[in-house]
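Accompanying notes for the structure given below.
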Number of protein chains: 2
Amino acid sequence: MSLPAGQPKFRRRKADRPDEIVAAAFEVFAEKGFAAARLDDIAARAGVSKGAIYLYFATKDDIFQAVVEQGVAPNLHNLAALAAANPQTFPDLIRAFAKLIAQVAATTPLGGILKMVIGEARNFPELARVWHDRLIVPALGALSAAIAAAQARGEIRPGDPRHYAVSLISPMLVGVIWRETFTPIGAEPFDLPALMEQHVETLLRGMVP
Amino acid sequence: MSLPAGQPKFRRRKADRPDEIVAAAFEVFAEKGFAAARLDDIAARAGVSKGAIYLYFATKDDIFQAVVEQGVAPNLHNLAALAAANPQTFPDLIRAFAKLIAQVAATTPLGGILKMVIGEARNFPELARVWHDRLIVPALGALSAAIAAAQARGEIRPGDPRHYAVSLISPMLVGVIWRETFTPIGAEPFDLPALMEQHVETLLRGMVP
DNA sequence: ATCTACTAACTGACTGGTCAGTTATCAATA
DNA sequence: TATTGATAACTGACCAGTCAGTTAGTAGAT
C-alpha cells in the first residue's frame, strides 16, 4: 500500500535548504529557547528530515549562530542607510532615527532575536559579542556622536551623550520585548509608533536649552 | 579508609533547606536558563544531594516557580511603601519613584529574574502572568494614574499617561538587562543611578507645560 | 528520444550520553 | 528505637548526532 504515485517524497534543492532551515530554526528558537528547541521540530518545520540539517550545519550551536548572525545583517544595512542620509536639524535627525527603529522593529524579527540573545548570552558569549560589537555599539556610538555634536553647537543641553542615547531608544527596546513576552499571554499591547513619537517629542523638549 | 571521624556527613535542617535550594536555583537558572540548568548543579550549590530537593519540591518547574515568585514578593512590598508615602509635588514623586527603582535594581536580583521571565515566558506562560499581573500592571498602573492626576491638575502636558510611564522607566529596565547580558562579556557598564537621574530630569523638563 | 549508469541530496532508524525523577538504604535527632 | 531528613545508586525518557540505505536528478551512451 501507500505508493505515493506522483509526488516524489522529496526534492533536491540544495541552494534553498540552508535559508529555509535557518528560518524554521528562528521560529522554533524564538518560541522555545535554545535548549528546549528540538532539531526534529526544526526539521519538520523546514519540511526536511533531521539528517538533512546535518548536510548543511555541523551542530545545533551552528544553526543558532546562523540565526543570530542573519538577524544582525539587515539592521547593519539600515544603520548605514541612515548614516548616509543628509544631516538636517538635530531634532529631525532624531525623529528619522526613531522612525527607522520603529520600522525595523515592525518589519524584522529583531524582537525575537533580541530575546534569544538576552536569554542565551551566558551560554553563547560569542553571539552576545557579535550583537554587541557589530550592532549595538555602532548604533549607540553613532547616536551618541550626533548628540555630542549637537551639544557642541549649543543645540542640546549638557549631559552624558551616551545616557541621552539610551534614554532615546530604551522605550523602543522595552516595547519590543513586551511584544515578545507579555502580549502572547494576553497583556495589553503597546502602539509602538505612537509610544515612540510621544517619547521622542517629550524628550527632545527636555533636551533643548 | 575515610572514616569522617568527627563531622557528621550531613545535618537535618528541614526549616532552612527550601530557601537555600531556591537561592541556589536562582543562581543556576540566572546563569544557564531554565532548560540548561541541571538539578545536580542546583543541589551541589545548595550543599545538598539531588534527592533532598525532591523532599521539598515536586518538580523542576516548581523550583523555577518558587524562584520567580520569591522575586516578586519583595518588590510588591517596596511598591506598597511608595504608595503610602506622602504625596509631594509631581516631579518629586517621580524622582522618588525613580530612586526606588534604582535602589531595587541595585539591591535585589530583579535583573536576573527579569531575564528569566523574558526567556521562558513562552514555556511558562503562568509565570509571565504572575509577573505581569502582580508586579508590572500594578506598578505601571500606579505610575500612569499619578501622571493622569497631574495632567488633570495641569502640571503635565497632555499625552497618553501609559506611554509617559513607559518612557520614564524604560532606561532602567534596559540598564538592568544590559548589566545581565552584555557586561559579563566585557561591555562597558552603565552608571545606572546617573543614567536614571539624567533621564528623569530631562523627561520631566519635557513633560511640564 | 530512450535507456542506463552514476552522483549526491535526502531519509529515518539507531545509538550514546545526559538528566529529571525514583527508591533502597543510612544516619541524625526526638 | 522510631521517625524522618538525607543520600547515592538507579531507571527511563528524551534528544543531538550518525550512518546505511533510498530516491531524485543528470550526463553519457545508444
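Every value quoted in this text rests on a predicted model; they were computed, and no experiment measured them. Chain letters run A, B, ... following the sequence lines, proteins first and then strands; every chain starts at 1.
Within the 4.5 Å cutoff, no side-chain heavy atoms of B/Tyr56 are placed close to those of B/Asp62. With contacts defined as side-chain heavy-atom distances shorter than 4.5 Å, the pair B/Ser167/A/Gln198 does not qualify.
Following rounding to the nearest Å, B/Leu55 (CG) and C/dT23 (C1') show an atom-to-atom distance of 12 Å. Put simply, CD1 on A/Ile63 is 11 Å from C1' on D/dG17, counting in whole angstrom units. Distance, B/Ile53 CD1 to D/dT7 C1': 12 Å, rounded to whole Å. C/dT18 atom P lies 14 Å from atom NZ of B/Lys32, rounded to whole Å.
A salt bridge links A/Glu20 with A/Arg17; the closest basic N to acidic carboxylate O contact falls under 4.0 Å.
Interatomic distance, CD of B/Glu180 versus CD1 of B/Ile113, reported as 10.0 Å (0.5 Å rounding).
Contact annotation: A/Arg13 does not reach the phosphate of C/dC10 (side-chain N/O to OP1 or OP2, under 4.0 Å).
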Produce the list of close N/O pairs, under 3.5 Å, pairing protein atoms with atoms of nucleotides 12-16 of chain D; give distances to one decimal.
residue, atom, partner, partner atom, Å
D/dA16, OP1, A/Ala37, O, 3.1
D/dA16, OP1, A/Lys60, NZ, 3.3
D/dA16, OP2, A/Leu39, N, 3.0
D/dA16, N7, A/Lys50, NZ, 2.9

Check nucleotides 24-27 of chain D against the protein and report each pair of N or O atoms closer than 3.5 Å, with its distance, or say if there are none.
residue, atom, partner, partner atom, Å
D/dA24, N3, A/Arg12, NH1, 3.1
D/dG25, O4', A/Arg12, NH1, 3.4

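Taking all atoms of both residues into account, the shortest heavy-atom contact from B/Pro161 to B/Ala148 is CG-CB, 4.1 Å. Here the closest non-hydrogen pair linking B/Ala165 and B/Leu140 is CB-CD1, 4.0 Å.
Within 4.0 Å (heavy atoms only), A/Phe57 reaches no atom of the nucleic acid at all.
Around the CD atom of A/Glu197, the shell of radius 6.0 Å holds no more than 12 heavy atoms that belong to other residues, nucleotides or ligands.
Residue whose closest nucleotide on DNA chain D sits further toward the 5' end, between B/Ala52 and A/Gly51: B/Ala52.
For the pairing with A/Glu31, the salt bridge (Lys or Arg N to Asp or Glu O under 4.0 Å) check across A/Lys115, A/Arg45, A/Arg38 returns one residue only, A/Arg45.
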